[in-house]
Chemist: 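I have a structure here, written as structure tokens, and I will follow up with some questions on it.
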Amino acid sequence: MAKGVTQLEKRLDALLLYIQPHWDFLNCHMVNYLTDQHWSRFIPEAMRKEINSKKDLELAIENLFWQKKRSTTEFPEWARFLTKGEHERLSEHPELLTTVDQLIEEQENATQLNIREFMSAKKCHEVELAAALVDNLIQSTGHQQDFCIVDAGDGKGYLSSRMALQYGHRVLGIDANAANTENALNRNRKLQRAWNGLTERAELQSQGITPKRRGKKSPTRNTAKSVPVLENYKTTARFISTEIDFGNLIAEHFPTVPLAGNLSICLTGLHTCGNLAATCLQVFHAQPDCQILCNIGCCYHLLKERYSQQEFFGNKALMDMQTDFGFPLSQYLQKRQIQLGRNARMLAAQSIERTLDAKELPNVTLYYRALLEVLVCRYAPHLKNQLQVGKVRKFENFQDYIQKCAKKLDASWLAAIDVAELQSLLQEYALDKHFLDMFYLIRMSFAPLLESLILLDRLLYLKELGYNHSYLIDLFDPVISPRHFAIVALKTSHSQA
């Protein structure tokens, strides 16, 4: 354990040392890009000197971000800055990561069935890999008959139903929203009725055979094959906290499951939102029956921080509903009173991999919102940093955007601004639109570092508690699924090291 703890602490030290000068940059609000002069405030002078025109910006974005191999000659300061940050990413430190093959050394991987009905291609990718990992973890104990899976934040039951139908596990899906649990059961009934046909198609496709069009009976179909009866999948609506008793809930929903000291729980969750991911780690430690943890978190902006007070708008009200802190979890970061801040957490949830793959610049809405803040400072300065606009849809141009905002906010002062002033504002800040794009990308390059900080804190928390067999796994394709890391922990002594 000492080696694992020390290694994680050293990596966190290096990560924090690199991030330390940039906290204000990471917590700035893009809304204030123009009013607070973010470009001159946060971009180092040596980097600013390399870019002076729209042409420079377009060339820099192409060379530094869109090209697979970055040029280091035309914008050397920018290239140096980006490269230095990339060295701090988890992908550059494989010694901290564990692959599925390393974790499950002796298990034969079952054929993964590519069943895309009832879910998107993204969700299909996630469910296939997460369900297979959970099954392998349970199988590796040699006591799979003793296990019941608890799926935290069950939602529509994507992962739960796959683990119950394909792998035959007992699964209790728990979601705080009662409507979600009912929707999960409805979806599962439909999936159950179609299961045999879907698995047959998936098996044929895995063999390179094109299945017949749906609706036509296949000559190879085994009509005697029974439809699975999902007595092994139940749902319940509960708010998960460290006080929850999974044993009692399992006894209530699976009365035939023996509870005479040999019940084992695998606590899993696919994209558990905000604090729920951190709570799952704490519940794993608090409940002796929880033998396996497999958690993929998301929505870092909804984490409740122990030391940060940087909350805005409705977010603060939501945070106040949380009873436990989600960051930092480790004693090491608590002693240093590390804080992220709301905007840094928002940034941590963004995907630089997906942005680079799509060569995607920010939506024009971001620029228009920054221009709106200029108008706020002119006509309603008391509302600076207070105006919550939210999403504005289907606008044709800046004038139309402003009119929709005025209507949405019931802001007569905004509606009264004439077209000539709006056109003048657009012209005045026309070049800034391109600088904003570059600023957005350079700031997003920090997203993987902030996510690393959150994930390594969680892993260190488990290591500090003595869970030697705890791992960080890069499970999904980051372009398909931006939140692609899984935290796995095992209590059982006979599990794979």
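In this text the structure is predicted, and so the values were computed from the model without any measurement.
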Chemist: Tell me if the CG atom of Asn52 is crowded by more than 12 foreign heavy atoms within 6.0 Å.
Modeler: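 Buried by this count: over 12 neighbours within 6.0 Å.
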Chemist: Any side-chain heavy-atom pair from Arg342 and Glu305 closer than 4.5 angstrom?
Modeler: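 Not touching, per the 4.5 Å side-chain cut-off.
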Chemist: For Lys122, does the NZ atom sit with more than 12 other heavy atoms under 6.0 Å from it, leaving out its own atoms?
Modeler: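 Counting other residues, nucleotides and ligands, NZ of Lys122 exceeds 12 neighbours.
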Chemist: Counting C-beta onward and ignoring hydrogens, is there a side-chain heavy-atom pair between Arg369 and Met30 closer than 4.5 Å?
Modeler: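 In short, these two side chains do not touch, never coming nearer than 4.5 Å.
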Chemist: Does the Arg306 side chain pair with the main chain of Phe327, one donor and one acceptor, at a distance under 3.5 Å?
Modeler: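 Here the side-chain-to-backbone pair does not exist.
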Chemist: Check whether any side-chain heavy atom of Tyr467 lies under 4.5 Å from a side-chain heavy atom of Lys463, and answer yes or no.
Modeler: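 No, too far: nothing below the 4.5 Å cut-off.
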Chemist: Within the distance-only criterion (no hydrogens, no angle test), does the side chain of Lys408 pair as donor or acceptor with the backbone N or O of Val389 below 3.5 angstrom?
Modeler: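 Indeed, once roles are kept as given, a pair shorter than 3.5 Å links the two residues.
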Chemist: Looking at Ala420, is its backbone amide N or carbonyl O close enough to the side chain of Ser424 to form a donor-acceptor pair, meaning the two atoms are under 3.5 Å apart?
Modeler: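 Not a single qualifying donor-acceptor pair exists.
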Chemist: Kindly give the heavy-atom pair with the smallest separation between Val283 and Ser241, and that separation in Å.
Modeler: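 Taking every non-hydrogen atom into account, CG2-O, 3.5 Å.
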Chemist: Taking the basic N atoms (NZ, or NE/NH1/NH2) and the acidic carboxylate oxygens, is any pair closer than 4.0 Å for Arg378 and Glu421?
Modeler: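 A salt bridge is present here (some side-chain N lies under 4.0 Å from a carboxylate O).
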Chemist: Salt-bridged, Glu58 to Lys55, with N to O below 4.0 Å?
Modeler: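 So Glu58 does not pair with Lys55 through a salt bridge.
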Chemist: Between the side chain of Asp437 and the main-chain N/O of Leu361, is any donor-acceptor distance below 3.5 Å?
Modeler: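 Here the side-chain-to-backbone pair does not exist.
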Chemist: Determine whether Arg80 and Glu77 satisfy the following criterion, salt bridge (charged side-chain N to carboxylate O under 4.0 Å, His left out), listing intermediate values before the conclusion.
Modeler: CA-CA 5 Å; Arg80 192 177 298 114; Glu77 291 295 330; 2.9 Å; yes
Chemist: Compare every heavy atom of Val5 with every heavy atom of Glu464, then report the nearest pair and how far apart it is.
Modeler: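 Glu464 and Val5 have their closest heavy atoms at N-CG2, 4.3 Å.
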Chemist: For Tyr33 together with Tyr429, are the ring centres under 6.0 Å from each other?
Modeler: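 No: the rings miss the under 6.0 Å criterion.
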Chemist: How far does CG of Leu329 sit from CD of Gln282, to the nearest 0.5 angstrom?
Modeler: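 Answer for the CG-CD pair, Leu329 versus Gln282, is 5.5 Å.
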Chemist: Closer than 4.0 angstrom, basic N to acidic O: yes or no for Arg345 and Glu451?
Modeler: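 Looking at Glu451 together with Arg345, the answer is no, because their closest N to O distance does not fall below 4.0 Å.
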Chemist: Search all heavy atoms of Gly297 against all heavy atoms of Arg458 and return the closest pair with its distance.
Modeler: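 In this case the closest contact between Gly297 and Arg458 is CA-NH1, 4.3 Å.
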Chemist: Might you work through the salt bridge (charged side-chain N to carboxylate O under 4.0 Å, His left out) test for Arg336 and Asp13, ending with a clear yes or no?
Modeler: CA-CA 11 Å; Arg336 299 174 65 173; Asp13 286 344; 2.5 Å; yes
Chemist: Does the gap between the ring centers of Tyr307 and Phe325 come in under 6.0 Å?
Modeler: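 Centroid separation for Tyr307 and Phe325: 6.0 Å or greater.
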Chemist: Is the side chain of Glu50 donor-acceptor paired with the backbone N or O of Met47 at a distance under 3.5 Å, no angle test?
Modeler: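 Pair absent, no side-chain N/O of Glu50 close to backbone of Met47.
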Chemist: Can you confirm whether Asp151 sits close enough to Ile174 that some side-chain heavy atom of one is under 4.5 Å from a side-chain heavy atom of the other?
Modeler: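 When only atoms from C-beta onward are counted, Ile174 and Asp151 do not touch, as no gap falls below 4.5 Å.
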Chemist: Distance from Cys294 atom SG to Ile487 atom CD1, nearest 0.5 Å?
Modeler: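 Cys294 SG to Ile487 CD1: 10.0 Å, rounded to 0.5 Å.
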Chemist: How close do Lys404 and Lys394 get, heavy atom to heavy atom, and via which atoms?
Modeler: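 Smallest interatomic distance, heavy atoms only, reads CE-O, 3.0 Å.
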Chemist: Between the side chains of Asp36 and Lys384, is the shortest nitrogen-to-carboxylate-oxygen separation below 4.0 Å, so that they form an ion pair?
Modeler: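 Yes.
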Chemist: Tell me whether the rings of Phe395 and Tyr401 are parallel (<30°), tilted (30 to 60°) or perpendicular (>60°).
Modeler: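 Ring orientation, 0 to 90° scale: perpendicular.
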Chemist: Under the 3.5 angstrom rule, does the side chain of Asn275 hit a backbone N or O of Lys304 as a donor-acceptor pair?
Modeler: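 Confirmed, Asn275 side chain pairs with Lys304 backbone.
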Chemist: Less than 4.5 Å apart, side chain to side chain, heavy atoms only: is that true for Ile402 and Leu372?
Modeler: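 Result yes, sub-4.5 Å side-chain heavy-atom pair found.
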Chemist: Checking the side chain of Thr272 only, and the main-chain atoms of Gly269 only, is there a donor and an acceptor separated by less than 3.5 Å?
Modeler: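 No, Thr272 side chain to Gly269 backbone: no donor-acceptor pair under 3.5 Å.
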Chemist: Measure from the ring center of Phe81 to the ring center of His22 and say whether it is less than 6.0 Å.
Modeler: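 Centroid separation for Phe81 and His22: below 6.0 Å.
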Chemist: Find out whether Arg89 and Ser445 are in side-chain contact, i.e. whether some heavy atom of one side chain is under 4.5 Å from a heavy atom of the other.
Modeler: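 Side-chain contact under 4.5 Å: yes.
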Chemist: Do any N or O atoms from the side chain of Ser120 and from the backbone of Lys123 form a donor-acceptor pair under 3.5 angstrom?
Modeler: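 Yes, because the side chain of Ser120 sits within donor-acceptor range (under 3.5 Å) of the backbone of Lys123.
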Chemist: Roughly how far, to the nearest 0.5 Å, is the CD1 atom of Ile244 from the CZ atom of Phe239?
Modeler: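 Reported value, rounded in 0.5 Å steps: 10.0 Å.
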Chemist: Search all heavy atoms of Ser330 against all heavy atoms of Asp457 and return the closest pair with its distance.
Modeler: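 The pair with the smallest heavy-atom distance is OG-OD1, 2.7 Å.
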Chemist: May I ask you to decide if the ring planes of Phe476 and His271 are parallel, tilted or perpendicular, using 30° and 60° as cut-offs?
Modeler: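 Ring orientation, 0 to 90° scale: perpendicular.
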Chemist: Less than 3.5 Å apart, which donor and acceptor atoms pair up between the side chains of residues 348-358 and the rest of the protein, not counting sequence neighbours?
Modeler:
from: Ser351; atom 1: OG; to: Arg354; atom 2: N; distance (Å): 3.0
from: Arg354; atom 1: NE; to: Val479; atom 2: O; distance (Å): 3.1
from: Arg354; atom 1: NH2; to: Val479; atom 2: O; distance (Å): 3.4
from: Arg354; atom 1: NH2; to: Ile480; atom 2: O; distance (Å): 2.7
from: Thr355; atom 1: OG1; to: Ser351; atom 2: O; distance (Å): 3.0

Chemist: Between His29 (side chain only) and Val31 (backbone N and O only), is there a donor and an acceptor less than 3.5 Å apart?
Modeler: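 Between the backbone of Val31 and the side chain of His29 there is a qualifying donor-acceptor contact (under 3.5 Å).
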Chemist: Do Asn63 and Ser71 have side-chain atoms, one donor and one acceptor, less than 3.5 Å apart?
Modeler: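 The answer is no; no qualifying pair exists.
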Chemist: With the side chain counted from C-beta on, respond yes when Glu88 and Pro448 share a heavy-atom pair under 4.5 Å apart, and no when they do not.
Modeler: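 Not touching, per the 4.5 Å side-chain cut-off.
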Chemist: With side chain to side chain contact (heavy atoms under 4.5 Å, CB included) as the test, would you mind laying out the steps for Thr235 and Leu172 before giving the verdict?
Modeler: CA-CA 5 Å; Thr235 65; Leu172 177 62; 5.9 Å; no
Chemist: Grab the two heavy atoms, one from Arg48 and one from Ile43, that are nearest each other, plus how far apart they are.
Modeler: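 In terms of heavy atoms, the two residues are closest at NH1-O, 2.6 Å.
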Chemist: Crowded around Glu45 CD? As in, over 12 foreign heavy atoms under 6.0 Å?
Modeler: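 Check fails, neighbour count at 12 or below.
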Chemist: Is any side-chain heavy atom of Leu15 less than 4.5 Å from a side-chain heavy atom of Ile19?
Modeler: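 Yes, their side chains come closer than 4.5 Å.
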Chemist: Has Glu428 got more than 12 heavy atoms of other residues, nucleotides or ligands less than 6.0 Å from its CD?
Modeler: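 It does: Glu428 CD has more than 12 such atoms within range.
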